[in-house]
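Heavy-atom basis, side chains included; hydrogens, waters and symmetry copies ignored. Numbers restart at 1 for each chain; the letters A, B, ... are given by sequence-line order, proteins then strands.
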Amino acid sequence: MSTTTDSKIRIQLENFSVTDEIEAMKKVSRNIGGITTFLGTGRELSKGQNIAQLNFEHYPKMAEKKLEEIRQQAIKDHSIIDMSIIHRIGPIEIGENIVLIVAVGEHRKETFTACEWAIAELKRVTPIWKRETTTHGEVWVQDTP
Amino acid sequence: MSTTTDSKIRIQLENFSVTDEIEAMKKVSRNIGGITTFLGTGRELSKGQNIAQLNFEHYPKMAEKKLEEIRQQAIKDHSIIDMSIIHRIGPIEIGENIVLIVAVGEHRKETFTACEWAIAELKRVTPIWKRETTTHGEVWVQDTP
Amino acid sequence: MITVKFFASLKAIAEKEEEQIEVQSSISMDQLSDIISKTSPKMGDIIRDNKIMISVNQEMADADTVIHDGDEVAFLPPFSGGS
Amino acid sequence: MITVKFFASLKAIAEKEEEQIEVQSSISMDQLSDIISKTSPKMGDIIRDNKIMISVNQEMADADTVIHDGDEVAFLPPFSGGS
């Protein structure tokens with residue numbers, strides 16, 4: 001199911017393994033003491049509607065560029081050692097992985113801050129769009145919280 | 001390497017799989033949208049000393065009881081759906097997993113808050129002790145940050 | 001020649017994903033929306049109402065950004081990635 | 001009979017992990033530290049200096065906690081789990 005963990009920024013159709021991504025990040029330094037990860041998954045309910053499926057589309061190259069900018073800024077501003085960001089596109093079933101952010105640092109505090117900042121920033125600046133399939137049909141989600 | 005994921009509170013000698021623990025927590029609800037995990041790992045450097053190995057000891061039963069209390073309070077106070085906490089004991093090499101906290105919720109915000117609170121609370125109230133082996137010998141770590 | 005891209009909900013409105021527009025050296029964002037309006041009036045309205053974001057060569061742009069021959073312009077509805 | 005447990009750094013100081021102490025119905029924490037001091041004076045000092053935490057039946061206790069026959073008392077140095 002999982003693909004190569006070589007690149008720290010990836011947008012891909014395939015699922016990923018959280019364990020594999022964490023192990024890949026551990027190789028960056030022997031001085032990692034804290035690893036915070038955020039994993040976004042497909043929820044069944046959205047604004048009271050039952051979701052049957054999600055579908056993500058992205059603007060190729062621009063989306064990857066924005067994720068790399070987020071990674072660089074997280075390392076620079078939050079004193080973490082490194083970060084990886086993976087976002088899936090295409091069809092996503094309920095319960096499936098959508099997005100993963102892994103922040104590794106010497107201590108836990110900065111990895112929490114960096115990880116929480118990065119997912120908020122991803123939602124704000126990355127050209128990725130979600131389409132929800134409900135019993136009423138398909139709709140592009142337009143809200144960015 | 002990994003053991004059963006049946007219990008949400010575990011203290012064990014064996015390593016664990018982050019992916020397996022997350023998948024076990026996903027089964028709790030179809031309405032999980034955000035999963036924050038904190039993974040503590042063995043660092044090579046501690047207060048300028050090179051660490052060769054770590055070794056954790058716990059007070060059986062009391063440590064598990066405290067972890068269960070943390071889990072219950074996180075669910076109650078932070079509006080998450082569920083939480084699992086695993087801590088390893090025995091010898092730990094540099095880069096190896098020590099502790100894992102998985103917080104699952106409908107939205108990301110509460111899972112970050114709950115996960116960060118839980119690891120701080122774990123360090124504060126759980127009878128677990130760390131022994132560091134350096135070139136100067138073995139020493140029990142006495143500081144709780 | 002500039003390349004114009006439409007994403008997500010805008011594909012249905014523009015009734016296309018991409019179009020090529022012939023230009024002399026450079027044009028303003030207003031001139032570009034006039035050209036797009038001719039084949040898709042609804043898309044032109046959306047651009048003028050500032051309801052969407054625009055990128056030029058994959059960097060965020062605004063109404064004052066000048067578009068040059070060879071540029072890639074994209075019309076981007078509000079983002080909703082991240083879970 | 002009460003069971004007394006020593007953890008981490010305290011095991012080397014007490015020179016044991018556990019001991020059984022015969023008591024009449026109940027004793028105070030002060031009485032218990034006096035008993036422990038007889039075989040391990042250094043351990044008695046540490047208890048009286050409040051440098052460590054004490055649990056009774058796996059719940060946190062303090063100097064005022066009364067210890068009953070059958071209880072499990074543990075002396076706990078500062079915790080350092082969690083990474």
Side-chain angles (χ1 to χ4, degrees), chain A residues 11 37-43 46-47 51 54-70 85-90 92 94-101 115-132 137-145, chain C residues 1-21 27 29 32-33 36 40-83:
Chain A
I11 295 179
T37 68
F38 176 76
L39 176 66
T41 54
R43 286 180 64 201
S46 171
K47 301 185 193 75
I51 308 296
L54 300 169
N55 215 300
F56 287 88
E57 173 181 316
H58 78 308
Y59 182 177
K61 284 187 194 152
M62 183 173 173
E64 284 87 345
K65 192 201 275 186
K66 290 291 162 192
L67 295 187
E68 179 61 28
E69 286 172 10
I70 292 168
I85 310 176
I86 306 165
H87 202 299
R88 288 178 65 193
I89 47 166
I92 302 277
I94 303 308
E96 280 192 356
N97 299 339
I98 298 169
V99 60
L100 178 72
I101 298 184
C115 194
E116 193 165 12
W117 172 81
I119 181 64
E121 187 70 0
L122 182 155
K123 290 172 93 80
R124 198 176 70 83
V125 305
T126 315
I128 299 180
W129 299 273
K130 174 164 67 176
R131 198 170 72 229
E132 292 178 345
E138 293 195 358
V139 62
W140 287 101
V141 180
Q142 296 267 342
D143 59 323
T144 39
Chain C
M1 187 96 91
I2 62 167
T3 303
V4 178
K5 285 171 172 283
F6 304 97
F7 285 99
S9 55
L10 301 181
K11 286 186 293 189
I13 292 164
E15 294 177 314
K16 66 191 85 150
E17 291 192 15
E18 191 173 316
E19 69 177 299
Q20 308 288 331
I21 295 173
I27 56 169
M29 203 62 84
L32 177 63
S33 52
I36 291 168
S40 171
K42 222 177 139 190
M43 193 62 223
D45 290 345
I46 287 172
I47 299 169
R48 274 185 292 266
D49 287 354
N50 283 316
K51 280 182 183 161
I52 52 167
M53 287 173 283
I54 305 167
S55 68
V56 175
N57 298 332
Q58 300 169 7
E59 289 297 339
M60 297 313 294
D62 58 36
D64 298 329
T65 307
V66 176
I67 301 148
H68 301 276
D69 191 25
D71 282 355
E72 179 178 288
V73 179
F75 295 102
L76 315 169
F79 306 143
S80 51
S83 82

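Your options are A:V125, A:T41, A:L54, A:L39, and the one with the most heavy-atom pairs under 4.5 Å with chain C is A:V125. For the options C:K11, C:M60, C:M53, heavy-atom pairs under 4.5 Å to chain A are most numerous at C:K11. For the set A:T126, A:V99, A:L122, the entry with the most heavy-atom pairs within less than 4.5 Å of chain C is A:T126.
Atom CD of A:E69 has more than 12 neighbouring heavy atoms from other residues, nucleotides or ligands inside a 6.0 Å radius.
Heavy atoms closer than 4.5 Å to chain C are found in the side chain of A:K65, but not in its backbone. If you measure heavy-atom distances from A:I98 to chain C, the contacts under 4.5 Å come from the side chain alone. Within the 4.5 angstrom heavy-atom criterion, no atom of C:K51 approaches chain A.
Atoms CD1 and CD, from C:I52 and A:Q142 in turn, are 10.0 Å apart once rounded to the nearest 0.5 Å. To the nearest 0.5 Å, atoms CZ (C:F79) and NZ (A:K123) are separated by 13.0 Å.
The main-chain N or O of A:V141 is found under 3.5 Å from a side-chain atom of C:S80 such that the two form a donor-acceptor pair. In this structure a side-chain-to-backbone donor-acceptor pair under 3.5 Å is present from A:W129 to C:P77.
Taking all atoms of both residues into account, the shortest heavy-atom contact from C:Q58 to A:P60 is NE2-O, 4.0 Å. The two residues C:S83 and A:G40 come nearest to each other via the heavy atoms CB-CA, 3.6 Å. The minimum heavy-atom distance linking C:K5 with A:Y59 is given by the pair CD-CE2, 3.9 Å. Residues A:M62 and C:L76 come closest through the heavy atom pair CE-CD1, 4.2 Å.
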